[in-house]
Amino acid sequence: MSDRITSWHSSPSKPAFTPPPGAVDAHCHVFGPEADFPFSPKAKYHPEDAGPDKLFALRDHLGFSRNVIVQASCHGTDNAATLNAIAKSEGKARGVAVVDPDISDAELQALHDGGMRGVRFNFLKRLVDNAPKDKFLDVAGRLPKGWHVVIYFEADILEELRPFLDAIPVPVVVDHMGRPDVTQGPDGADIKAFRKLLESRDDIWFKPTCPDRLDPSGDPWNQFAEAIAPLVADYPDRCIWGTDWPHPNQQDVLPDDGHLVDMIPRIAPTAELQQKLLVTNPDRLYWAD
Ligand SMILES: O=C(O)/C=C(\CC(=O)C(=O)O)C(=O)O
């Protein structure tokens, strides 16, 4: 029997919400295909193939126009699978890379030419063995023009990360808002701490994403909607949204991507907010050139 895991819904519903023209799914991944793009020997999970064809079919099914493909930890620092998906997208995808901190400037430029516009620093211990802050800062100071840093951490290390975050010399995008405990509500300690971070710099962005990871009450994720809508309302120019497909490590409860899309009008209730979240904001980060 295969030890490979399937973490995505086999037949996601059609969402009731229609994304605006040009909408970007700005947080998704590809896995393999393994035969062409082997997983890292250090990978903490071994997924079934979820390649570009599946991703683009989902994009069309959900009514999106474009993708930002974030290199997943199972591919380590070899970005070939993500670059392959971007190359196959006919200009409809850009990416976020994960790099070895010793990467040369020429290699960074090659990633830029392949459609990457950011680099991801992952601080989740269950996903990566080490996260060397000094080396990350060195890379952050050498990024191609217009790039940003995407950072993934859990709420309990936010305070400890503050000096590091403060020192990043380019815009910062926080994955899944640093995983706050949404059951505490919009004024809970985790969201308050995250707001303090947002107030510290006007170039820190966030993804109001992953109700399936953050709300233990499950679909339709009412606690997530209640806790997160005020954040989008207060920082409408600094958020981008994504499905998180193929939902790495979510194999226990496969989220229905159509239902995830239907979270959008609950956290961004006006057409103006939806346009910013799905089109204007990701355009500024990923399609500025
Ligand atoms: O996909 C996400 O954003 C979240 C992940 C997986 C991940 O980040 C990765 O494998 O790189 C998680 O919490 O397991």
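One-based numbering, in listed order, for ligands and for the atoms of each.
A donor and an acceptor atom, one from each side chain of Q223 and T183, are nowhere located under 3.5 Å apart. Counting only N and O atoms by type, the side chains of H176 and K207 include no donor and acceptor under 3.5 Å apart. Looking only at atom types and distance, the side chain of D256 has a donor-acceptor partner in the side chain of S13 under 3.5 Å away.
Between R4 and E34 there is a salt bridge, since a side-chain N of the basic residue sits under 4.0 Å from a carboxylate O of the acidic one. The residues D49 and K54 are annotated as not salt-bridged, no charged nitrogen and carboxylate oxygen being separated by less than 4.0 angstrom.
Ranking the protein heavy atoms by distance from atom 1 (O) of ligand 1 puts H29 NE2, 2.6 Å first. Atom 13 (O) of ligand 1 has its closest protein heavy atom at Y152 OH, 2.5 Å. Closest protein heavy atom to atom 2 (C) of ligand 1: D244 OD1, 3.3 Å.
Atoms of ligand 1 found under 4.0 Å from any heavy atom of H27 (numbered from 1 in listed order, with element): 1 (O), 2 (C), 3 (O). Taking a cut-off of under 4.0 Å to the non-hydrogen atoms of N249, the atoms of ligand 1 that pass are 14 (O). Counting the atoms of ligand 1 from 1 in the order shown, those under 4.0 Å from a heavy atom of A72 are 11 (O). Which parts of ligand 1 touch Y45 is read off a 4.0 Å heavy-atom cut-off, strictly below it: atoms 9 (C), 10 (O). Here is the list of ligand 1 atoms found below 4.0 Å of a heavy atom in P248: 1 (O), 6 (C), 14 (O).
If you look at H247 next to ligand 1, there are no close heavy atoms at all, none under 4.0 Å. At a 4.0 Å heavy-atom cut-off, ligand 1 does not touch E154 at all. Counting heavy atoms closer than 4.0 Å to ligand 1, residue V70 contributes nothing at all.
Nearest to atom 5 (C) of ligand 1 by heavy atom, out of H75, R213, R179, is R213. Of the candidates G76, S73, A43, G242, S73 brings a heavy atom nearest to atom 11 (O) of ligand 1.
Relative ring orientation between W241 and F64 is described as parallel, the plane-to-plane angle staying below 30° on a 0-90° scale split at 30° and 60°. Using the six-membered ring where Trp is involved, H29 and F31 have ring planes that are parallel, under 30° apart on the 30 and 60° scheme.
Grouped with W205 in one hydrophobic cluster are V24, V68, V70, V96, V150, V173, I240, L285, Y286, W287, the linkage being side-chain heavy-atom contacts under 4.5 Å among Ile, Leu, Val, Met, Phe, Trp and Tyr residues.
Taking a 4.0 Å cut-off on heavy atoms, R120 registers as neighbouring ligand 1. Within the structure, the closest approach of R126 to ligand 1 falls below 4.0 Å when heavy atoms are considered. Remark: distances from the non-hydrogen atoms of K44 to ligand 1 are all 4.0 Å or more. Proximity of D175 to ligand 1 is not established, as no heavy-atom distance is less than 4.0 Å.
The side-chain heavy atoms of V99 and V119, taken from C-beta on, include a pair separated by under 4.5 Å. F194 is not listed as a side-chain neighbour of P180, based on a closest heavy-atom distance of 4.5 Å or more. Side-chain contact between W245 and P12: absent, with no pair of heavy atoms (C-beta onward) separated by less than 4.5 Å.
Checked against a 3.5 angstrom limit, the closest N/O atoms of Q71 and ligand 1 fall outside it.
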